[in-house]
Amino acid sequence: MPVKKSKVITTAKPHTIKKFELIEMYIKAWAQKLMLNNACNGLIFIDCMCNSGVYKDINGNIVYGTPIRVANALLDVARTYSDKQVFLYFNDLNTARVEELKKHLPPDERNFKIITLNEDATELLDTIGPQLKESSHYHYFLLYDPYNANIEWRVLVPFFRYWGEVMINHALMDPIRAITSAKSATAIEKYEHTYLEEFEKLLPYGSNQSAYEKRVAEIIDHMKGNREYYVASFPFYNRNRSFKQY
Ligand SMILES: C[S@@+](CC[C@H](N)C(=O)[O-])C[C@H]1O[C@@H](n2cnc3c(N)ncnc32)[C@H](O)[C@@H]1O
């Protein structure tokens, strides 16, 4: 069977555009606060599943996604704090999406550098995670934004235990809609892998979103080790509130 080619420019629904706006605003505030801190030598932003950066809204107008918004916001920050460095890593498994993204990114400057990559996110984080060094005094922000419920916690552990932030956009609508009808080994394994629990124990969660939220909070609490770490969650609903993401 021929493999279906993924589109490079897809439609972004209003709740997805809200996500872009919220991340952009958050990153602006995050960067300002850290750059004012003398202990911070610079910032590292990683979107390990970045897509093409270009979408159409439901009326067909072009809308920019997270990587382009964050790149422009952090370029302003790099120009303001010229004694500090800003590095951005944008990665997506889909080559065409990365090629499209490159057309819209600002060029590098002395203290501002964008690295685009075309790898599996797990492999990428497996490479970057062990290289994080407390002594470099860089503050990182990792965005983990898959389409479905999949979370590979193992590669996130170093990021939870270093000076930085991890934002996971967790597609709760995936288990809420599909866990009770999951039959294939792949689907069952996906849920077991994400919630680190046997499928039989997950099945009763059904469409109870707070059960998944509680489980994710328990996993994060376990991962962070002894560090002081703040955990927050925020729901994004679609227009008829029939599903949400975190
Ligand atoms: C929800 S989109 C990311 C949106 C983007 N973070 C933003 O805010 O504009 C998910 C992306 O993950 C990519 N993807 C799926 N599996 C991947 C994997 N294993 N490694 C890297 N990228 C992957 C898809 O090609 C898709 O572009």
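Numbering of ligands and ligand atoms starts at 1, following listing order. Computed from a predicted model, the values in this text were never measured in an experiment.
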Under 4.0 Å to a heavy atom of [X] - the qualifying atoms of ligand 1, by number:
X	answer
E119	20 (N), 21 (C)
P67	9 (O)
D47	5 (C), 6 (N)

Mind checking whether [X] and [Y] sit in one hydrophobic cluster, side chains of I, L, V, M, F, W, Y counted as touching below 4.5 Å?
X	Y	value
I151	M223	yes
Y138	I115	yes
Y55	I58	no

Query raised in the report: Short check: is a protein heavy atom less than 4.0 Å from atom 1 (C) of ligand 1?
Result: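 Looking at atom 1 (C) of ligand 1, one finds that a protein heavy atom does lie closer than 4.0 Å.
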Query raised in the report: Of all heavy-atom pairs between Y195 and H170, which one has the smallest distance, and what is that distance?
Result: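 Scanning both residues, the minimum pair turns out to be OH-NE2, 2.7 Å.
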Query raised in the report: Which heavy atom of the protein is the closest neighbour of atom 12 (O) of ligand 1, given with residue, atom name and distance?
Result: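 Of the protein heavy atoms, M49 CB, 3.3 Å lies nearest.
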Requested in this report: Indicate yes or no: does an N/O atom of A121 lie under 3.5 Å from an N/O atom of ligand 1?
Outcome: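 Yes; at least one N/O pair falls below 3.5 Å.
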Query raised in the report: For L93 and ligand 1, does the shortest N/O to N/O distance drop below 3.5 Å?
Result: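 Yes, there is a polar N/O contact under 3.5 Å.
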Query - Region of K19 engaging ligand 1 - heavy atom pairs below 4.0 Å - result: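 For K19, only side-chain atoms sit under 4.0 Å from ligand 1.
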Query - Region of Y55 engaging ligand 1 - heavy atom pairs below 4.0 Å - result: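 Side chain only.
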Query - contact_flag S52 ligand 1 heavy-atom lt 4.0 Å - result: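 So S52 does not count as touching ligand 1.
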Only heavy atoms count here, so choose which of [options] is nearest to [atom].
atom	options	result
atom 8 (O) of ligand 1	N148, D92, V98, T66	T66
atom 5 (C) of ligand 1	C48, C50, P146	C50
atom 6 (N) of ligand 1	L124, D145, I68	D145
atom 19 (N) of ligand 1	T10, V63, D120, L125	D120

Query raised in the report: How far apart are the C-alpha atoms of Q32 and Y81, what are their side-chain angles, what is the distance that settles it, and do they pass the side-chain hydrogen bond (donor to acceptor under 3.5 Å, both in side chains) test?
Result: CA-CA 9 Å; Q32 285 294 344; Y81 300 93; 2.8 Å; yes
So, [X] and [Y], do they make that salt bridge, N to O below 4.0 Å?
X	Y	value
K190	D174	yes
D126	R154	yes
E100	R97	no

Query raised in the report: Does one side chain, of T66 or D47, offer a donor that lies under 3.5 Å from an acceptor on the other?
Result: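 Side chains of T66 and D47: no pair found under 3.5 Å.
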